[in-house]
Amino acid sequence: MKSAPDWFMFFIVFWAVVMIGAMSIGGFFMFRKFLKVLPQRDGKSKLDWQNYWVERSRSMWTDDSKHFLDELVSPVPTAFRDIAKHSIAAKIGQVAIDNGATEVTRNHCIEGYIRATPKRDYRSLVSFLERKGIDYDPFRHLLNK
């Protein structure tokens, strides 16, 4: 009997490793999404709260604030941009409503953007804001928490 050549066996092992890696990465992101759907102590999940704040603030958004939100989420990769836009819009809406505003302003957008961004991404957030010439000085204290 003739066995398979060595290069073919390495090829099979290589693709097995690639497939296991791809499934692990996909599983990680699916698990993160699953955790967002689990109810918290108040009975609502993170996604329920995001939907609540987006719907509650929907009438407060002006064309300027919508365009500004689009500008803020522009560095996010296209595949994740809609999800990031929804979660950032929810935080912006919550900030605007908590401040008793009648419409969403650029300052609400900047504050909500900073609050919605994970701490590990603050360096890229600051460099993006500085590159775009967006004044975030009134909210600098939020970056030091």
Side-chain angles (χ1 to χ4, degrees), residues 1-98 104-145:
M1 294 201 46
K2 190 173 182 182
S3 66
D6 287 340
W7 66 267
F8 184 71
M9 296 306 290
F10 287 122
F11 180 76
I12 297 294
V13 169
F14 169 76
W15 277 111
V17 169
V18 168
M19 292 301 292
I20 289 171
M23 290 189 326
S24 299
I25 292 168
F28 170 75
F29 285 107
M30 287 177 65
F31 185 70
R32 282 185 57 201
K33 186 72 167 182
F34 172 73
L35 290 177
K36 281 188 169 185
V37 178
L38 288 177
Q40 297 174 339
R41 289 184 182 185
D42 58 7
K44 288 188 174 187
S45 68
K46 282 186 176 183
L47 290 178
D48 290 338
W49 278 114
Q50 285 179 0
N51 291 334
Y52 170 78
W53 290 114
V54 167
E55 287 303 318
R56 184 141 179 240
S57 66
R58 187 174 299 275
S59 63
M60 299 169 62
W61 286 85
T62 62
D63 287 339
D64 180 51
S65 58
K66 288 178 188 176
H67 291 298
F68 192 56
L69 175 61
D70 288 336
E71 184 180 346
L72 291 175
V73 297
S74 64
V76 177
T78 309
F80 307 108
R81 194 169 294 158
D82 288 339
I83 296 166
K85 187 176 179 180
H86 187 264
S87 63
I88 292 169
K91 187 56 79 173
I92 292 169
Q94 180 182 3
V95 166
I97 290 170
D98 287 348
V104 174
T105 64
R106 290 175 81 88
N107 280 341
H108 294 136
C109 291
I110 295 168
E111 183 180 351
Y113 180 59
I114 292 171
R115 290 184 184 272
T117 303
K119 289 181 182 181
R120 68 179 180 269
D121 296 335
Y122 279 174
R123 184 180 299 145
S124 61
L125 175 142
V126 167
S127 68
F128 171 74
L129 291 175
E130 289 173 351
R131 189 174 53 240
K132 290 288 190 174
I134 298 170
D135 180 28
Y136 64 95
D137 282 337
F139 309 106
R140 191 177 292 273
H141 66 281
L142 295 174
L143 297 169
N144 297 328
K145 287 186 178 180

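Along the sequence shown, residues are numbered consecutively beginning with 1. Predicted model, so just to flag it, every value in this text is computed and none were measured.
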task: Locate the shortest heavy-atom distance separating W61 from G93; write the atom from each residue and the value.
output: CZ2-N, 4.5 Å
- prompt: Would D82 and K85 pass as an ion pair if we require N to O under 4.0 Å?
  reply: no
message: For R81 and T78: C-alpha separation, side-chain torsions, deciding distance, then whether side-chain contact (heavy atoms from CB on, under 4.5 Å) applies.
response: CA-CA 5 Å; R81 194 169 294 158; T78 309; 3.9 Å; yes
message: How long is the straight-line distance from CG of L129 back to OH of Y113, given to the nearest 0.5 Å?
response: 6.0 Å
- request: Would you name the heavy atoms of G43 and P39 that are closest together and state the gap between them?
  value: O-CB, 3.8 Å
message: Please report the interatomic distance CZ(F68) to CZ(R106), rounded to the nearest 0.5 Å.
response: 4.5 Å
query: Say you draw a straight line from CD1 of I97 to NE2 of H108; how long is it, rounded to the nearest 0.5 Å?
result: 10.0 Å
message: Once rounded to the nearest 0.5 Å, what's the spacing between atom CG of L69 and atom CD1 of I88?
response: 6.5 Å
query: With a 3.5 Å cut-off and no angle check, do the side chains of D48 and S45 form a donor-acceptor pair?
result: yes
- prompt: So do the side chains of N107 and F139 get within less than 4.5 Å of each other, counting heavy atoms only?
  reply: yes
query: If every non-hydrogen atom of I114 is compared with every non-hydrogen atom of Y136, which pair is closest and at what distance?
result: CD1-CB, 4.5 Å
field: Flag, side chain of H86 to backbone of I83, donor-acceptor distance under 3.5 Å
entry: no
query: Any sub-3.5 Å donor-acceptor pair from N51's side-chain atoms to L47's backbone N or O?
result: yes
- prompt: For atom NZ of K44, is the number of surrounding heavy atoms from other residues, nucleotides or ligands below 6.0 Å larger than 12?
  reply: yes
field: Minimal non-hydrogen separation, D98 against W53, with atom names
entry: OD1-CH2, 4.1 Å
query: So does R32 have more than 12 non-hydrogen atoms from other groups sitting under 6.0 Å from CZ?
result: no
- request: Give the intermediate values and the outcome of side-chain contact (heavy atoms from CB on, under 4.5 Å) for residues D64 and V104.
  value: CA-CA 9 Å; D64 180 51; V104 174; over 6 Å; no
query: Would the F10 and W7 ring centres measure less than 6.0 Å apart?
result: no
task: Taking all non-hydrogen atoms of both residues into account, name the closest pair between V76 and A84 and its distance.
output: CG1-CB, 4.0 Å
message: Could you check whether any side-chain heavy atom of L35 comes within less than 4.5 Å of a side-chain heavy atom of K46, counting everything from C-beta outward?
response: no
message: Under a 3.5 Å cutoff, is there a donor and acceptor pairing between the side chains of S65 and T62?
response: yes
task: Indicate yes or no for a side-chain donor-acceptor contact from R115 to the backbone of K91 under 3.5 Å, with no hydrogens or angles considered.
output: no
query: So do I134 and E71 actually touch side chain to side chain, heavy atoms under 4.5 Å?
result: yes
task: Check step by step if side chain to side chain donor-acceptor pair (under 3.5 Å) holds for Y52 and Q94.
output: CA-CA 9 Å; Y52 170 78; Q94 180 182 3; over 6 Å; no
query: After noting the C-alpha distance and the side-chain angles of D42 and W49, does the key distance pass the side-chain contact (heavy atoms from CB on, under 4.5 Å) rule?
result: CA-CA 10 Å; D42 58 7; W49 278 114; 2.7 Å; yes
task: Identify the two heavy atoms, one from S87 and one from A116, that lie closest to each other, and give their separation to 0.1 Å.
output: O-CB, 4.4 Å
query: Mind checking whether I92 and S57 have side chains closer than 4.5 Å, heavy atoms only?
result: no
statement: In this structure, CG of L125 is separated from OG1 of T117 (nearest 0.5 Å) by 4.5 Å
